[in-house]
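For reference, the structure discussed in these notes is given below.
Position 1 is the first residue of the sequence, and the numbers go up from there.
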Amino acid sequence: MIVVLKENTTKEQKGQLINWLKGQGLQVHESDGEYKTILGLVGDTTKVDKDMLEILEMVDHVTPISEPYKNANRKFHPKDSVIGAGDVKFGGGNFQVIAGPAAVESEEQLLNTARRVKAAGATVLRGSVFGVRKSPYAFQGLKDEGMKYLEEAKRETGLLLMTELQNIDDLKYYDNVDFIQVGARNMQNYDLLKELGHINKPVLLKRGLASTMEELLMSAEYIMAGGNEQVILCERGIRTFEEYTTDTLDISAVPALHLRTHLPVVVDPSNAAGHADMVTPLAMAATAAGADGLMIEVHEEPHKALKDGAQSLDPDEFDRLMDKVRKIREVLD
């Protein structure tokens, strides 16, 4: 339920109403606009008499919310949320590029790649250290050793860090990680999402391989309901009947999610395509569609990569991608 207050409502009147609503067992999310204030009510709103609220002098109107996601709903928060760490912000007109290898393989490999993506304009370094693979015989990641390499790369280049969290017990290794990634296969790992709701760190939540946009927003709701409202959504392709690409990148998800939610939307064309030669055109399309950022896999020698080499760009290819993305951003601005 949304309660819209009139422009001339005093702080005292607003405070009294908020305290009363909280006394009914509801969470109240306040969004102050230039001319009006919106109070978003989360909880059992059947306890509140809509007609009674509407007759209050300070109330302009009351609107029930039919969508099951509340905190993530744009109706609760009409302005775009700006989510980030330090000077790196996503949303609200801010556009960032996350780049790096699919997996951290060695200190030299990571540092060489980090230097190149930083020089090209990336602001966040990616690289998994706790890997989950389809095959138990594939490279499973360097774990805490890989985390040390990420931290070293951060110290040298100044890039912020993003890496995937698979198990909440590993959170102790993530003190110096700036953005925690939740992968597609964990999008509906509700126990993990609940725990991430209790931390003060941005979470990039990837859409599941066979998930609807509403299911993605409901997963974001799990994190936000716990108190952590720093959620970035990521469209990374969904499973269809097409076999040429790894998955099918849903470009329509970018404007569709922006209509429904105030949260930033990032696109990962690398995982969707599965082919390096498709990454740049998909990244350009995502940028033109209004994405708030990109996640690109970059490896200094893709043919030697221990994970996802076929979809990884080499540093020169990444340079060219960044040039094209910048030109599109100039047109959009």
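Between the side chains of Asp292 and His258, at least one donor-acceptor pair of N or O atoms lies under 3.5 Å. Defined by atom type and a distance below 3.5 Å, a donor-acceptor pair is missing between the side-chain atoms of Asp170 and Asn167. Thr248 and Glu242 share no side-chain donor-acceptor pair at under 3.5 Å. In this structure, a donor-acceptor pair under 3.5 Å is present between the side chains of Gln230 and Asn200. Residues Ser81 and His262 bring a donor and an acceptor atom of their side chains to less than 3.5 Å of each other. Under the 3.5 Å distance criterion, with hydrogens and angles disregarded, no donor-acceptor pair is assigned to the side chains of Glu107 and Gln109.
For the pair Glu54 and Lys50, the salt-bridge criterion is met [side-chain N within less than 4.0 Å of a carboxylate O]. Ion pair Lys206/Asp268 flagged as a salt bridge, since at least one NZ, NE, NH1 or NH2 atom sits closer than 4.0 Å to an Asp/Glu carboxylate oxygen.
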Practice task
Would you please test Phe95 and Phe90 for ring-ring contact (aromatic ring centres under 6.0 Å, His included) and show each step?
Solution key: CA-CA 6 Å; Phe95 181 90; Phe90 294 84; 8.5 Å; no
Practice task
Walk me through it: do Val104 and Leu150 pass the test side-chain contact (heavy atoms from CB on, under 4.5 Å)?
Solution key: CA-CA 8 Å; Val104 178; Leu150 281 171; 4.0 Å; yes
Problem - salt bridge (Lys or Arg N to Asp or Glu O under 4.0 Å) evaluation trace for Asp178 with Lys154 - result: CA-CA 10 Å; Asp178 302 286; Lys154 178 180 179 178; 3.1 Å; yes
Problem - Audit row: Leu249, Val267, side-chain contact (heavy atoms from CB on, under 4.5 Å) steps and yes/no - result: CA-CA 9 Å; Leu249 185 62; Val267 172; 3.9 Å; yes
Problem - Met162 and Leu204: CA distance, side-chain angles, deciding distance, side-chain contact (heavy atoms from CB on, under 4.5 Å) verdict - result: CA-CA 9 Å; Met162 177 180 291; Leu204 182 136; 3.7 Å; yes
Practice task
Kindly determine whether Gln27 and Lys70 satisfy side-chain contact (heavy atoms from CB on, under 4.5 Å), including the steps that lead there.
Solution key: CA-CA 11 Å; Gln27 297 178 37; Lys70 310 300 181 185; over 6 Å; no
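For the pair Thr261 (side chain) and Ala72 (backbone), a donor-acceptor distance under 3.5 Å is present. For Gln181 (side chain) and Leu165 (main-chain N/O), no donor-acceptor pair under 3.5 Å exists by modelled atom type. Without hydrogens or angle criteria, Ser31 side chain to Ile38 main chain gives no donor-acceptor distance under 3.5 Å.
When the side chains of ILVMFWY residues are joined at heavy-atom separations under 4.5 Å, either directly or via intervening members, Leu216 and Tyr222 end up in a single hydrophobic cluster. Linking Ile, Leu, Val, Met, Phe, Trp and Tyr whenever their side-chain heavy atoms come within less than 4.5 Å puts Met213 and Met218 in one cluster. Hydrophobic clustering (ILVMFWY, side-chain heavy atoms < 4.5 Å, transitive): Leu110 and Tyr174 are in one cluster. Linking ILVMFWY residues whenever their side-chain heavy atoms come closer than 4.5 Å, directly or via other members, leaves Val266 and Ile296 in distinct clusters. Linking Ile, Leu, Val, Met, Phe, Trp and Tyr whenever their side-chain heavy atoms come within less than 4.5 Å puts Leu192 and Met187 in one cluster.
Atoms NE2 and CG, on His77 and Asn71 in that order, are 10.5 Å from each other to the nearest 0.5 Å. Here the straight-line distance linking atom CG of Asn271 with atom CD of Gln311 works out to 5.0 Å at 0.5 Å rounding. In this structure, Ile223 CD1 and Tyr190 OH are separated by 11.5 Å, a value rounded to the nearest 0.5 Å.
The residue from Lys22, Lys11, Lys14 that alone fulfils the salt bridge (Lys or Arg N to Asp or Glu O under 4.0 Å) condition with Glu30 is Lys14.
Closest non-hydrogen pair, Leu160 versus Ala85, comes out as CD1-O, 3.2 Å. Taking every heavy atom of both residues into account, Arg329 and Thr287 meet most closely at CD-CG2, 3.7 Å. What you find for Glu235 and Ala253 is that their closest heavy atoms are OE1-CB, 3.7 Å.
Checked against a 6.0 Å centroid threshold, the rings of His275 and Tyr244 count as neighbours.
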